[in-house]
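Computed from a predicted structure; not experimentally measured.
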Amino acid sequence: MKIVVISDIHGSVHYLNKALKAFEKEQGDILLILGDELYHGPRNPLPKDYDPKEVAKYLNKLKDKIIAVRGNCDSEVDQMMLEYPIMGDYSTIFWKKKRIFATHGHIYNKENLPPISNGDILIYGHTHIPLAEIKENVYILNPGSISLPKENNKNSYGVFENNSFEIKSLDGEVIKKINFQ
């Protein structure tokens, strides 16, 4: 199973389309969305081609392939637009004998680890900054943001494949990689 991970769409149809092309090119089985899907949030600028209704339309076409969690900008109104659940603060996925704890990052993150075991994976978005490291025997991952990257990073997504996680630019360039033991 190949999992493609995106985060922080913030209503940008332009960058969502690029991410969906990457999902297709990667031949992903699951699209894991780490929150902040439709709304740009009051602290963020409007992203390119901001159109939450169109974003919902594109995502709903893939509802059978999506696992999503709630971001700090997601609300019950957003859930009304989407045909798959987004209101959970986290989701647990089992992949290659590893537990992936997927969340947005505003509750659990690098500084506030969830109750998971040695060797498990915490993946979150929220910061818009790519990350792939090990802390306290836990793999800590962040694919960055597809629409509003921060700290001069590229628009990016992540891929769980084989025994690794790669963070790639929307053009397919590998930005970071970590191998799992």
*Leu131 with Val138, same ILVMFWY side-chain cluster at under 4.5 Å*: yes

*Of all heavy-atom pairs between Ile175 and Ser169, which one has the smallest distance, and what is that distance?*
CD1-N, 3.5 Å

*Results of side chain to side chain donor-acceptor pair (under 3.5 Å) for Glu136 - residues two or more places apart only*: none

_Minimum heavy-atom separation for Ala19 and Ile146, please, with both atom names._
CB-CD1, 3.9 Å

*From Leu34 CG over to Tyr90 OH, what is the distance, rounded to the nearest 0.5 angstrom?*
15.5 Å

_Nearest atoms (heavy-atom pairs only) where Ser7 meets Gly125_ = OG-CA, 3.3 Å

*Main-chain N/O of Lys2 paired with Asp29 side-chain donor or acceptor, under 3.5 Å*: yes

*What distance do Lys96 atom NZ and Phe180 atom CZ have between them, rounded to the nearest 0.5 Å?*
11.0 Å

_Strictly distance-based, threshold 3.5 Å: is any side-chain N or O of Thr103 a donor or acceptor partner for the main-chain N or O of Tyr124?_
no

*Assign the ring pair His126 / His106 to parallel, tilted or perpendicular, where the plane angle (0 to 90°) is split at 30° and 60°.*
tilted

*Find out if a path of hydrophobic residues (ILVMFWY) with successive side-chain heavy-atom gaps under 4.5 Å connects Tyr15 to Leu31.*
yes

*Taking a hydrophobic cluster as the set of Ile, Leu, Val, Met, Phe, Trp and Tyr residues connected by side-chain heavy atoms closer than 4.5 Å, whether directly or through intermediates, do Ile134 and Val5 fall within one such cluster?*
yes

*Heavy atoms, side chains only, cut-off 4.5 Å: are Asn17 and Asp49 in contact?*
no

_Minimum-distance pair of heavy atoms, taken over all atoms of His40 and Tyr50_ = ND1-OH, 3.4 Å

_Step-by-step salt bridge (Lys or Arg N to Asp or Glu O under 4.0 Å) determination, Asp89 to Arg70_ = CA-CA 5 Å; Asp89 287 329; Arg70 179 183 68 86; 2.5 Å; yes

*asked:* Could you walk me through whether Ile30 and Lys65 satisfy the side chain to side chain contact (heavy atoms under 4.5 Å, CB included) test, starting with their C-alpha distance in whole Å, then the side-chain angles of each, then the deciding distance to 0.1 Å, before giving a yes or no?
replied: CA-CA 5 Å; Ile30 298 292; Lys65 296 187 179 295; 5.6 Å; no

*Residues which pass side-chain contact (heavy atoms from CB on, under 4.5 Å) with Ala68, listed by chain and number, not counting sequence neighbours*: Ile33, Glu37, Ile66, Tyr84, Ile86

*asked:* Per the salt bridge (charged side-chain N to carboxylate O under 4.0 Å, His left out) rule, what does the pair list look like for residues 120-130, sequence neighbours excluded?
replied: Arg99-Asp120

*Where does the angle between the aromatic ring planes of Phe160 and Phe165 fall among parallel (under 30°), tilted (30 to 60°) and perpendicular (over 60°)?*
tilted

*Residues in side-chain contact (heavy atoms from CB on, under 4.5 Å) contact with Asn112, at least two apart in sequence or another chain*: Tyr108, Asn109

_Thr127: side chain to side chain donor-acceptor pair (under 3.5 Å) partners, not counting sequence neighbours_ = Asn142

_Close side-chain approach of Cys73 and His10, heavy atoms under 4.5 Å_ = yes

*Just wondering, do Asn153 and His128 contact through their side chains at under 4.5 Å, heavy atoms?*
no

_Min side-chain heavy-atom separation Lys154-Pro149 under 4.5 Å_ = no

*Taking C-beta and beyond as the side chain, do Tyr157 and Leu170 meet within less than 4.5 Å on heavy atoms?*
yes

Mind listing the side-chain donor-acceptor pairs of residues 52-63 below 3.5 Å, one per line with the distance, residues two or more places apart or on another chain?
from  : atom 1 : to    : atom 2 : distance (Å)
Glu54 : OE2    : Lys57 : NZ     : 3.2
Asn60 : OD1    : Glu83 : N      : 2.7
Asn60 : ND2    : Ala56 : O      : 3.1
Asn60 : ND2    : Met81 : O      : 3.0
Lys63 : NZ     : Glu83 : OE1    : 2.9

*Could you pull out the closest heavy-atom pair between Gly28 and Val4, with the gap in Å?*
CA-CG2, 4.0 Å

*Does Glu166 reach the side chain of Glu26, with side-chain heavy atoms less than 4.5 Å apart?*
no

*asked:* Tell me if a side-chain donor or acceptor on Lys98 pairs with a main-chain N or O of Gln181 at a distance below 3.5 Å.
replied: yes

*To the nearest 0.5 Å, tell me how far Ile100 CD1 sits from Ile93 CD1.*
5.0 Å

*So do the side chains of Leu82 and Leu38 get within less than 4.5 Å of each other, counting heavy atoms only?*
yes

*Above 12 or not: heavy atoms from other molecules or residues under 6.0 Å from NZ of Lys48?*
no

_For the student: nearest non-hydrogen atoms of Ser156 and Gly144, plus distance_ = OG-CA, 3.6 Å

_According to a hydrophobic-cluster definition based on side-chain heavy atoms being under 4.5 Å apart (Ile, Leu, Val, Met, Phe, Trp, Tyr only), do Val159 and Leu16 belong together?_
yes

*What is the distance from atom CD1 of Ile121 to atom CD1 of Ile140, rounded to the nearest 0.5 Å?*
11.5 Å

*Working to the nearest 0.5 Å, report the span between OG of Ser147 and NZ of Lys18.*
12.5 Å

_Less than 4.5 Å apart, side chain to side chain, heavy atoms only: is that true for Asp36 and Asp8?_
yes

_Is there a path of hydrophobic side-chain contacts, each under 4.5 Å between heavy atoms of I/L/V/M/F/W/Y residues, joining Phe23 to Val13?_
yes

*Enter the distance from Leu20:CG to Ile6:CD1 here, rounded to the nearest 0.5 Å.*
6.0 Å

